[in-house]
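Shown next, in C-alpha cells, is the structure this report addresses.
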Amino acid sequence: MDQKKAQLASKQTNKYSKIHWYGTGQLLKLALLFHIGSWYVQIHPGHMIYEGARPAVLDSVGGAITSAPLFAFYEGLWYLGLHKEMQQQTLAKVAENLARICAEGTVQLRACGDSV
C-alpha cells in the first residue's frame, strides 16, 4: 500500500516538474506582434519623423547589428554616471561630424535646423 502511494506521489511531482512548450503559442504570437510593432515604432516615427534621419539598419544590417549594441551599452554606462570623460569626447566628436554634415548640405537633418 505504501509503495503505491509513493508511486502516485512520484507521478504527481514528475507531472509538474516538466516544462511543456506546446501551450505557449498565444504568448509567442503576442511577443512577435510586440517585437514587430517595436521595430516599426523605432524606424518610422522614431528615426524618420522625430530625428529626420534614415535608420542605419537600412544602409547596413551588419553595421547596425554591431554598432547598436555598443551604442546602447555606452548610453547605459553614461546614464549611470560612468566614463564621463569618454562621453564628453564622444559628444564633441558627434558635434564635429554633425557640423560637417550640415555644412555639406547633402543630407537634411532636424539637428541641422532644417525642416524635413
Side-chain angles (χ1 to χ4, degrees):
M1 188 74 162
D2 290 329
Q3 189 177 17
K4 285 186 179 182
K5 285 183 182 180
Q7 286 176 345
L8 181 61
S10 175
K11 285 182 183 179
Q12 287 177 344
T13 56
N14 286 339
K15 176 180 159 184
Y16 296 112
S17 65
K18 294 181 183 178
I19 298 174
H20 299 286
W21 292 104
Y22 55 80
T24 60
Q26 190 68 21
L27 183 61
L28 290 176
K29 287 178 189 176
L30 184 62
L32 180 64
L33 181 66
F34 183 75
H35 187 78
I36 291 171
S38 297
W39 272 98
Y40 170 77
V41 168
Q42 180 180 1
I43 289 174
H44 187 258
H47 285 293
M48 294 181 176
I49 294 173
Y50 178 70
E51 291 179 0
R54 183 179 162 123
V57 74
L58 298 178
D59 293 332
S60 169
V61 173
I65 289 173
T66 56
S67 64
L70 284 174
F71 175 80
F73 175 74
Y74 283 114
E75 285 287 328
L77 288 179
W78 297 336
Y79 180 77
L80 295 173
L82 304 171
H83 298 285
K84 285 295 187 180
E85 184 179 329
M86 181 194 291
Q87 182 183 20
Q88 295 306 317
Q89 292 172 350
T90 303
L91 291 174
K93 195 67 169 171
V94 167
E96 178 185 316
N97 286 330
L98 184 61
R100 180 183 49 80
I101 290 170
C102 292
E104 289 173 357
T106 55
V107 180
Q108 290 184 343
L109 298 174
R110 289 186 192 272
C112 294
D114 298 334
S115 61
V116 176

Using distance alone, with no hydrogens and no angle criterion, decide if Lys29 and Gln26 have a side-chain donor and acceptor under 3.5 Å apart.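 The criterion, which ignores hydrogens and geometry beyond distance, is not satisfied for Gln26 and Lys29.
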
May I have the step-by-step check of side-chain contact (heavy atoms from CB on, under 4.5 Å) for Glu85 and Gln89, ending in yes or no? CA-CA 6 Å; Glu85 184 179 329; Gln89 292 172 350; 3.5 Å; yes

Verify the cluster assignment for Phe71 and Phe73: are they in a single hydrophobic cluster under the rule of side-chain heavy atoms below 4.5 Å apart?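 No, separate clusters.
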
Can you tell me which residue among Ile36, Leu28, Leu30 is in a side-chain contact (heavy atoms from CB on, under 4.5 Å) with Leu32?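 When Ile36, Leu28, Leu30 are each tested with Leu32, the side-chain contact (heavy atoms from CB on, under 4.5 Å) holds only for Ile36.
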
If you count heavy atoms of other groups shown closer than 6.0 angstrom to NZ of Lys84, is the number above 12?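 Above 12, so yes.
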
Cationic N near anionic O, under 4.0 Å, Glu96 to Arg100: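 Salt bridge absent between Glu96 and Arg100.
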
Indicate the ring-plane relationship of His44 and Tyr40, choosing parallel, tilted or perpendicular according to the 30° and 60° boundaries.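 The arrangement is parallel - the two ring planes meet at less than 30°.
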
Do Leu70 and Thr66 come close enough that some side-chain heavy atom pair is under 4.5 Å?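 Leu70 vs Thr66: side chains apart.
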
Tyr74 side chain reached by Met86 side chain, heavy atoms, under 4.5 Å: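 Yes. Closest side-chain heavy atoms under 4.5 Å.
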
For the atom pair [atom1] ([X]) and [atom2] ([Y]), what is the distance rounded to the nearest 0.5 Å?
X     : Y     : atom1 : atom2 : answer
His83 : Thr90 : NE2   : OG1   : 11.0 Å
Glu75 : Gln87 : CD    : CD    : 7.5 Å
Trp39 : Phe34 : CH2   : CZ    : 13.5 Å

